[in-house]
Structure formats: structure tokens, C-alpha cells
Amino acid sequence: MKVLKFGGTSVGQPDRMHQVAKIVELQKGPRIVVLSALSGTTNVLAKIGEELLSGNKEAALREVEVLYAHYQEFLKALVQKENSISKAQYIINEHFTYIRSLAKTEFNEGCTKELLAQGELMSTKLFSVYLDEIGQKNVLLPALEFMAINEKDEPDMDFIQSHLRGLLEEHKDTDWFITQGYICLNAEQKVDNLKRGGSDYTASLIGAAINAELVQIWTDIDGMHNNDPRIVDHTRPIAELSFDEASELAYFGAKILHPSSILPAKQFNIPVQLKNTMDPEAYGTMISGMEKSKEIKAIAAKDGITAIKVKSTRMLLAYGFLRNIFEIFEKYKTPIDMIATSEVAVSLTIDNDARLTEIVEELNAFGAVTIDDNQSIICMVGNDVVEERGIIKKIFDSLEDIPIRMISYGGSKYNVSILTESKYKKDALVALNKGLFGL
Ligand code: ASP
Ligand code: MG
């Protein structure tokens, strides 16, 4: 069994959706197709949700009608036959009636989740109608019947496995399954989701649950690139990556893949291939358990980083200082990314500063606190990079003109990271592209 996931842009236009059917058709054997919502839909639904939460009903309903009109246009070009048109029309009307009804209720966070789920529900149903029209037998698997998270918002693998396998058993003679990415049930059996961009995660969880031979993530770029193509001119796709390399890159900013999605794939050893819907022939990137070459494969950058320095004279020869510091971050559920220590101070970075005020207040008890915001982590990834002689020299030679605030080396064998002010990010990425890849 293969799992093929198509992102919002891959299904965002009727002709793209037709193209998706062609791509899926080229596969042999049984396959599960995971779809995102049509591009832009989740953003609009999120905005409607925010407006409703803040009591702005009129503005919300205006947005709803704009979205409705968009789906009307979409359906006209998606299907041709009378019967398909009325099926598609029925689906859209049903979901929009529901969306409008949400606007009339006492709107809360739970309603937002229900609202956000409408995008994936519509895209998969519409795709199924199109497949019916072209005579392609298919079965829609409702994600809300098998995709589940527990109290900690972690996937409930046992539930997913047993329920998904149960559903597949009911359709033994089917080769084409379709399901929604992103949406799931939570521990209270309510509609929830796997966070923005979570359809990739759905695909890899499904792959892990059914022990798929391959998970393909289809987007609009030909794989993971060696550097950020939105910022640097000359980049190239990377053909092979190990799970560890890919998860560092995904976490540190390679937008192509949801960072959590590598974990289940790695755990169950399911290869994940990144493919381009606009250029299906291109190989893309294969992510697997193989760790081949040792050079730096890619650079990724993460913005919105805040560096926090705590300087304590008492740290000299003291123990327990770091634990005290870390406990504060734990208390406010704020993950730490990079750390650098000296005998009298520790610097660390966070990317979520929602609780910064409280954190700083408590840190003050342990020393003088300095905050630097608008920082970027630039992360260089490759198997065993830290064991390769000369790599550090190349990195520092390339970054000669860039002020570096922190360095992380040796924390994992896959990654060397530096922290710099975000205003230097572009120059740093360009310089490293030249110095490390000659591009
Ligand atoms: N539609 C959701 C989003 O836009 C999930 C996804 O596309 O992966 O975040
Ligand atoms: Mg995505």
C-alpha cells in the first residue's frame, strides 16, 4: 500500500485536481490519497473563526460568502456531467449551510476546530465526485473515524492502527482510498486537528499505521532544497536525505514538510518521498533510514527567535543553576532550541515568546537577564557533519562578515547551528550557499 498526500496548491484549482487523479492513476496497487483543503481555504476559515470569536458576525459572514462563491466557481470547472454537478453542489451547500449555522451559535474554540475541518471535508468529497465522474472506483475513508490524538495531543497510534485497518478490511477489493489530512478526533471525541500544515503528518501516521511501502508528499516544489529557494537564487533539490537530516531541516525552517511528520515514518521505517505536482517526472527527495554521505546537505533558517541570557555570579562552581533555569521554561511549556553556556552565564533561545514576561520575571531571581529578539537560527545539516574535518572552517570562512550571537556544535551529529540577527539572515544564507555548495 502507498500513501500519496497532496497539499493545498496541488488541489487548489480544478485542473490541478484533474492532474492529481492522473498522478494517482500512474501508481500500481492499492493507495490511500490524503488531501489538504483547497489552497487558501484553511486561512479563510481561520480568519472567519477569529472574527466569530471576537463577535464580529457580519464580517465573518461576508468572508463565508466570498469563500462560497469561490467553491461555486471551482465546481463548475471540476465536473461536467449533470449528475456530478448536482452531487458537488449538494456537498458544497451542505458544508456552507453548516458553516453559516456555526456563525449563529455561541461560538467557542471547539467551534473553530469544527470550522477548520470543513476545508478537508469538502476537498476530499469533491475529489471523490470527480473520480466517480471519470469512472474511477474509489472509497472515501472518513479521517474522523480513525485519526485520533490523546490527552497530550499526541497521535493515538493504537487507535489509528486498529480503526484504519478495520476500515480497509471492509473494502478489500478497493485500490483507491481517499481521506482528509489534518483533521482528527481528540481525547474527548471532539473534532480537532494536527495543527497547521498537519496533512503531511496525517500521511506519515497513516503510512506508519498500515506499514506502507512508501509515503509520497506532493507539493509545488521538486523536493527539499539545499537552501531556502525563496531567499537564495541558486538552490538545488537534494535527492536523498536520512530521517534525522530531514527532521532537522523541517524543524529549522524547510517549509515543505511538517516537522512532526518524520517521526512516525522514522519509527516504522517508512520511506517518505517529496514530489512536485507541477513536475511529476522530477525525482524529488527521498527520505529514508539510509545515512549515506557525510557532507553538509542543506541549510535552513528559522526566524522569530528570541535569545535569553542569564548571567549569574553564583553559577561559578555551583550546581543546580541550569536545572533551576530549565524548570522555569518547563513550567511555562516553552521549548528551548539552542543553548550555550559559560561558567557564569547561559544563553538560550526560544521561538515561542507567548510566556516571555512570566519567564523573565522568574529568571530574574537567578541572575541578570538580557533579551535579544528578532534573531534567526541558521542550521546546517548533514550526517556526521560534526565529525567531518574542515567543515567548521568552511562555515566560519563563509560567515566572515556576519555577526554571530551563538553557536551550537556537537549537540547532535547532524547539525551545526548559529544564531544571528534576522537582518543578517539573507546575507548569511547566500554566503553559506557559496562557501559550502559553490552555488
Ligand atoms: N489545510 C491545513 C492547513 O492549511 C492542513 C494542511 O494543508 O496541511 O494548514
Ligand atoms: Mg503543507
Side-chain angles (χ1 to χ4, degrees), residues 3-13 16-17 19-20 23 32-50 63-64 66-67 70-71 74 91-92 95-96 98-99 109 111-128 140-144 146-149 153 155 160 178-186 191-208 215-221 223-224 246-247 250-251 253-265 272-278 287:
V3 182
L4 293 96
K5 178 259 165 176
F6 294 86
T9 46
S10 301
V11 292
Q13 303 286 338
R16 295 260 169 86
M17 220 182 230
Q19 167 77 358
V20 166
I23 290 172
I32 301 181
V33 180
V34 178
L35 299 187
S36 291
L38 311 193
S39 56
T41 297
T42 314
N43 284 345
V44 175
L45 292 172
K47 194 158 169 237
I48 293 169
E50 277 163 27
E63 294 277 356
V64 174
V66 174
L67 193 63
H70 177 70
Y71 276 79
F74 188 89
I91 291 164
I92 292 171
H95 285 276
F96 275 89
Y98 179 68
I99 294 172
E109 280 298 334
C111 301
T112 304
K113 305 264 174 77
E114 298 261 2
L115 182 61
L116 288 172
Q118 304 307 307
E120 271 70 13
L121 290 170
M122 286 197 283
S123 66
T124 45
K125 289 183 189 175
L126 291 173
F127 186 55
S128 176
L140 205 55
L141 299 173
L144 297 178
F146 67 87
M147 192 50 70
I149 49 175
D153 283 357
I160 300 170
I178 304 161
T179 193
Q180 299 85 25
Y182 179 57
I183 64 174
C184 63
L185 283 186
N186 61 26
V191 175
D192 212 315
N193 59 61
L194 301 173
K195 312 259 158 58
R196 294 303 306 272
S199 296
D200 299 344
Y201 199 16
T202 302
S204 76
L205 287 168
I206 291 178
V215 172
Q216 284 185 333
I217 307 282
W218 289 81
T219 58
D220 50 5
I221 179 169
M224 241 189 227
S247 62
Y251 181 69
K255 284 284 176 302
I256 178 170
L257 193 64
H258 188 285
S260 310
S261 51
I262 302 292
L263 208 66
V272 176
Q273 189 175 21
L274 309 178
K275 295 281 288 175
N276 186 356
T277 322
M278 314 319 163
I287 304 166

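This one's a predicted model, so the numbers in the text were calculated from it and none came from an experiment. When a ligand or atom number is given, it counts from 1 through the structure's own listing order. Hydrogens, waters and symmetry mates play no part in the numbers below; they use all other heavy atoms, side chains included.
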Modelled atom types, side-chain donor and acceptor of Ser261 and Ser204, under 3.5 Å: no
Atoms of ligand 1, numbered as shown, that sit under 4.0 Å from any heavy atom of Ser199: 5 (C), 6 (C), 7 (O), 8 (O)
Separation of Glu50 CD from Leu115 CG (nearest 0.5 Å): 10.5 Å
Check: Asp200 N/O within less than 3.5 Å of ligand 1 N/O: no
side-chain hydrogen bond (donor to acceptor under 3.5 Å, both in side chains) against Asn43, all qualifying residues, sequence neighbours excluded: Arg196
Glu120 side chain vs Ser36 backbone, donor-acceptor pair below 3.5 Å: no
N or O contact, Lys5 vs ligand 1, cut-off under 3.5 Å: no
Numbering as shown, the atoms of ligand 1 that approach Ser36 to under 4.0 Å (heavy-atom distance): 6 (C), 7 (O), 8 (O)
Close-contact set for ligand 1 against Arg196 heavy atoms, below 4.0 Å: 3 (C), 4 (O), 9 (O)
4.0 Å heavy-atom contact, Gly7 with ligand 1: no
Contact check: Gly8 vs ligand 1, nitrogen or oxygen atoms, below 3.5 angstrom: no
Proximal atoms of ligand 1 relative to Gly197 (non-hydrogen, under 4.0 Å): 3 (C), 5 (C), 6 (C), 8 (O), 9 (O)
Asn193 side, atom CG; Met147 side, atom CE - distance, nearest 0.5 Å: 12.5 Å
Part of Glu120 within contact of ligand 1 (heavy atoms, under 4.0 Å): side chain
side-chain contact (heavy atoms from CB on, under 4.5 Å) evaluation trace for Leu121 with Gln180: CA-CA 6 Å; Leu121 290 170; Gln180 299 85 25; 3.9 Å; yes
Any donor-acceptor pair under 3.5 Å from Thr179 side chain to Pro142 backbone: no
contact_flag Gly181 ligand 1 heavy-atom lt 4.0 Å: no
